Amino acid sequence: YSEFADYEVDIAIPDGWTVGATGKGEVSEGVWHYEQRAVHDFVFCAMPGPVDTRFTHTLPGGETVDVQLLTPVEYDLQIERAKRTLVVGLDRTATSLFPYPYDTLTVVMPPHNAGGLFPVEYSTLFFNLPVDPLFDRYGMDNVRLPESVLLHEFMHQYFQGIVASNETAEAFLDEGFTDYWASRILSEDLGGTGAIFGHTIDDTRLAQKQLDDRLVEAARKRPTYMYYDGRWGTQSYRRMRTILVTGERVFGEDFDRFMRSYARQYRFRHPDDEDMFEVARLQGSPRLARFLREAMSRSSPPDPKIDGVKSKKWDPPTGRDFSDEDDQDHLADWMGDNNAQVVRSGFANEKRSVAGDVEIVALKVVTTGDAGAGEDPGDLYRSDVRIYTDDLAQVPFTVLFTFDDGTVLRDQWQGPGTWRAWRIVRRAKLTEVRLDPEQLLAIDADPVNNGWRAEPVDGLTEDWSAWLGALTSTLAQNACWWL
């Protein structure tokens with residue numbers, strides 16, 4: 001984060017060494033002369049005898065970029081992977097954000113024993129993950145960690161190098177946006193993060209698992225280095241990424257338009273979070289801006305969850321006799337097989353207060369079941385469900401109710417409130433409840449508690465057994481290589 005300037009630098013190095021630096025360079029009598037306009041820093045590296053790979057890539061709009069890859073000789077197997085990833089990144093950012101504005105891009109892939117160089121980003125040059133033969137071995141050859149890190153460092157060219165927000169005060173505007181775009185490009189254009197021994201890696205879910213209870217203050221806090229308990233990394237990288245992923249999933253085209261407008265409008269301008277909110281409001285939608293402000297200003301990540309479920313045969317109220325079948329039919333007609341009594345908690349804050357209420361709501365039928373199926377067909381069951389929404393006001397909620405006759409009902413809502421409850425009386429027993437079934441809410445700190453089943457699923461424990469077996473096998477194999 002600095003003012004932009006034009007650089008001219010002369011570098012003298014020993015014979016046989018190769019140089020990579022910010023900008024375009026020419027050598028004369030052993031001295032390299034580099035020039036670059038409109039950057040906020042300059043860096044160079046020199047190394048003896050690397051594989052120096054160069055190519056020119058044409059962007060979708062016709063602009064060209066001269067790319068240089070510096071790789072240790074013994075790890076040249078990673079060059080093609082790096083080239084492909086860079087081309088994908090350059091093309092995607094040209095269409096989704098704006099074309100890379102410089103003439104050159106240099107990537108240095110240091111050996112594993114030079115890990116102190118990784119990961120570092122500078123204008124038109126960055127250091128990638130130290131390459132290692134491990135990523136070419138069975139079981140790890142489909143793990144796209146080198147691609148993931150390369151895309152992350154490349155995206156710094158945009159949000160650290162060109163948009164150039166204040167890294168010290170608001171690292172989330174760089175690291176969070178960079179982490180988000182690296183993950184999105186990897187997922188949409190390169191097939192995802194890959195798999196370990198056949199198990200797909202979901203890096204957004206991994207990011208969610210880091211949203212722990214030590215995140216006790218707003219993500220947009222300043223300065224970055226003063227987050228509680230040293231949690232600046234999780235706040236700036238993972239939490240901000242999950243907020244942006246949620247924005248993408250919920251707001252779709254509005255979110256993409258906001259992202260493109262923000263990046264283009266604030267090239268070389270050093271925006272802060274209020275600038276970002278304003279672009280979201282004007283170019284995305286007011287609700288998107290309210291969501292971003294709400295999610296980033298909370299003292300901790302939200303954890304909406306299923307807070308209680310009961311489903312049992314219906315007992316008539318004291319003093320009432322519903323043993324007669326006609327009376328049961330009358331009750332079912334009044335409630336309706338697809339209706340629910342919904343209790344809304346209401347809310348209060350410093351600006352306004354809304355009272356809670358109760359009403360009969362018609363639930364949407366997703367799947368029509370068999371009236372003769374179920375544990376006790378013909379018997380009335382009362383099912384009570386309560387969901388804690390953690391005061392999220394700007395995102396839509398969806399809940400699915402599945403009954404033992406095969407019927408699936410859905411309710412959707414949006415708005416402030418701490419909790420919401422349903423009472424459903426119908427001739428089938430509730431067997432499953434799912435909150436956020438489409439997994440739109442990546443900001444959810446613990447998505448595991450978004451589901452309830454009357455009977456457990458064996459597949460989860462079997463899956464964990466496979467994961468543990470794969471981990472043990474990997475550790476043992478690596479120990480053999482090391483020995």
Side-chain angles (χ1 to χ4, degrees), residues 4-8 19-27 32-43 52-71 79-109 121-126 128 147-148 150-164 174 177-178 180-191 248 252-271 279 283-284:
F4 292 92
D6 300 339
Y7 284 82
E8 290 189 37
V19 178
T22 297
K24 182 170 290 189
E26 296 179 347
V27 63
W32 282 90
H33 179 77
Y34 279 87
E35 295 184 8
Q36 180 58 59
R37 295 188 65 251
V39 292
H40 60 62
D41 57 12
F42 180 93
V43 67
D52 187 358
T53 304
R54 298 172 184 254
F55 65 95
T56 298
H57 179 63
T58 302
L59 300 178
E63 306 90 341
T64 60
V65 181
D66 294 328
V67 181
Q68 179 184 22
L69 292 173
L70 297 178
T71 311
I79 292 175
E80 289 305 315
R81 291 177 67 169
K83 287 175 63 175
R84 176 170 176 258
T85 305
L86 281 172
V87 167
V88 167
L90 285 163
D91 287 348
R92 179 60 188 271
T93 50
T95 55
S96 296
L97 299 175
F98 56 82
Y100 182 74
Y102 301 117
D103 294 329
T104 66
L105 179 63
T106 299
V107 181
V108 181
M109 298 191 288
E121 65 276 355
Y122 300 96
S123 298
T124 81
L125 182 149
F126 63 86
N128 191 35
E147 287 87 346
S148 176
L150 190 149
L151 284 171
H152 181 98
E153 299 309 314
F154 168 68
M155 290 311 306
H156 275 305
Q157 297 297 310
Y158 281 77
F159 294 103
Q160 185 263 359
I162 302 169
V163 175
D174 169 32
F177 279 65
T178 290
Y180 163 77
W181 273 106
S183 175
R184 182 170 178 179
I185 294 172
L186 190 65
S187 173
E188 296 181 0
D189 300 299
L190 286 168
E248 174 203 337
E253 293 182 2
D254 287 347
F255 179 84
D256 288 342
R257 189 169 55 252
F258 145 68
M259 271 287 188
R260 184 166 53 252
S261 299
Y262 170 69
R264 291 181 179 184
Q265 181 174 335
Y266 281 98
R267 284 177 288 187
F268 308 107
R269 292 184 59 190
H270 304 311
V279 176
Q283 303 300 327

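Keep in mind it's a predicted model, so treat the numbers as computed, not measured. We count residues from 1, following the sequence as given.
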**Report entry** OG1 on T106 to CD on Q68, rounded to 0.5 Å
**Finding:** 4.5 Å
Query raised in the report: Is there a side-chain contact between F268 and V163 (heavy atoms, below 4.5 Å)?
Result: no
Report task. Quick one: list whatever passes ring-ring contact (aromatic ring centres under 6.0 Å, His included) with F126, sequence neighbours left out. Result -> none
Report task. Compute both the distance and the angle, then confirm whether K83 meets the cation-pi test with F55: under 6.0 Å from the six-membered ring centre, within 45 degrees of the axis. Result -> yes
**Report entry** Counterpart residues, ring-ring contact (aromatic ring centres under 6.0 Å, His included), relative to F98 (two or more places apart)
**Finding:** Y158
Query raised in the report: What residues form a side chain to side chain donor-acceptor pair (under 3.5 Å) with E147, not counting sequence neighbours?
Result: R81
Query raised in the report: Is there side-chain contact between I162 and Y266, with heavy atoms separated by less than 4.5 Å?
Result: no
Requested in this report: Please list, chain by chain and in numerical order, all residues satisfying side chain to side chain donor-acceptor pair (under 3.5 Å) with H33, sequence neighbours excluded.
Outcome: D10, E35
Query - Partner set under ring-ring contact (aromatic ring centres under 6.0 Å, His included) for H156, not counting sequence neighbours - result: H152
Report summary line: Value for CZ (R260) from OG (S96), rounded to nearest 0.5 Å, stands at 7.5 Å
Query raised in the report: Within the side chain of S183, is there an N or O that forms a donor-acceptor pair under 3.5 Å with the backbone of Y180?
Result: no
Query raised in the report: With D254, which residues qualify under salt bridge (Lys or Arg N to Asp or Glu O under 4.0 Å), at least two apart?
Result: R257
**Report entry** Nearest atoms (heavy-atom pairs only) where F4 meets A38
**Finding:** CD2-O, 3.6 Å
Query raised in the report: Would Y7 and H40 count as a side-chain contact (heavy atoms from CB on, under 4.5 Å) if you check the C-alpha gap in whole Å, the side-chain angles of each, and the deciding distance to 0.1 Å?
Result: CA-CA 9 Å; Y7 284 82; H40 60 62; over 6 Å; no
Query raised in the report: About how many Å separate CZ of F159 and OG1 of T178, when rounded to the nearest 0.5 Å?
Result: 6.5 Å
Query raised in the report: Angle class for the F177/Y262 ring planes (parallel below 30°, perpendicular above 60°, tilted otherwise)?
Result: tilted
Report task. With sequence neighbours left out, write down each residue that passes salt bridge (Lys or Arg N to Asp or Glu O under 4.0 Å) with R37, or none if nothing qualifies. Result -> D6
Requested in this report: Name all residues meeting the side-chain contact (heavy atoms from CB on, under 4.5 Å) criterion together with Q283; count only those two or more places apart in sequence or in a different chain, and write none if there are none.
Outcome: S261, V279
Query raised in the report: Is there a donor-acceptor pair closer than 3.5 Å between any side-chain N or O of Q157 and the backbone N or O of T124?
Result: yes
Requested in this report: List the atom of G89, the atom of L151, and the distance in Å for their closest heavy-atom pair.
Outcome: CA-CD2, 4.1 Å
**Report entry** Worked check of side-chain contact (heavy atoms from CB on, under 4.5 Å) between T85 and F154
**Finding:** CA-CA 10 Å; T85 305; F154 168 68; over 6 Å; no
Query - Donor-acceptor contact present, side-chain N128 to main-chain L150, <3.5 Å - result: yes
Requested in this report: Write down the atom of A164, the atom of H270, and the distance for their closest heavy-atom approach.
Outcome: O-ND1, 2.6 Å
Query raised in the report: Checking side-chain contact (heavy atoms from CB on, under 4.5 Å) for the pair E248/R184: CA distance, chi angles, key distance, verdict?
Result: CA-CA 10 Å; E248 174 203 337; R184 182 170 178 179; 3.8 Å; yes
Query raised in the report: Can you name the residues that form a salt bridge (Lys or Arg N to Asp or Glu O under 4.0 Å) with E8, not counting sequence neighbours?
Result: none
Query raised in the report: Is there a donor-acceptor pair closer than 3.5 Å between any side-chain N or O of T71 and the backbone N or O of I79?
Result: no
Query - Distance-only polar pair, side chains of D66 and T56, donor-acceptor under 3.5 Å - result: yes
Query - Any donor-acceptor N/O pair, E121 side chain to G161 backbone, under 3.5 Å - result: no
Requested in this report: Consider only side-chain N and O atoms of D91 and H57, and report whether a donor and an acceptor are under 3.5 Å apart.
Outcome: yes
Report task. Mind checking salt bridge (Lys or Arg N to Asp or Glu O under 4.0 Å) for R92 and listing every partner two or more places apart, or none if nothing turns up? Result -> E188, D189
Query raised in the report: V65 and side chain to side chain contact (heavy atoms under 4.5 Å, CB included): which partner among D103, L59, V87?
Result: L59
Report task. Check step by step if side-chain contact (heavy atoms from CB on, under 4.5 Å) holds for L86 and L69. Result -> CA-CA 10 Å; L86 281 172; L69 292 173; 3.6 Å; yes
Report task. Applying side-chain contact (heavy atoms from CB on, under 4.5 Å), name anything that partners D41, two or more places apart in sequence or on another chain. Result -> Y122, S123, Q160
Requested in this report: Output the distance between atom CE (M155) and atom CD (E153), rounded to the nearest 0.5 Å.
Outcome: 11.5 Å
Report task. Identify, with sequence neighbours excluded, every residue that meets ring-ring contact (aromatic ring centres under 6.0 Å, His included) alongside Y102. Result -> Y100
Requested in this report: Work out which heavy atom in S148 is nearest to a heavy atom in A182; give both atom names and the distance.
Outcome: O-CB, 4.2 Å
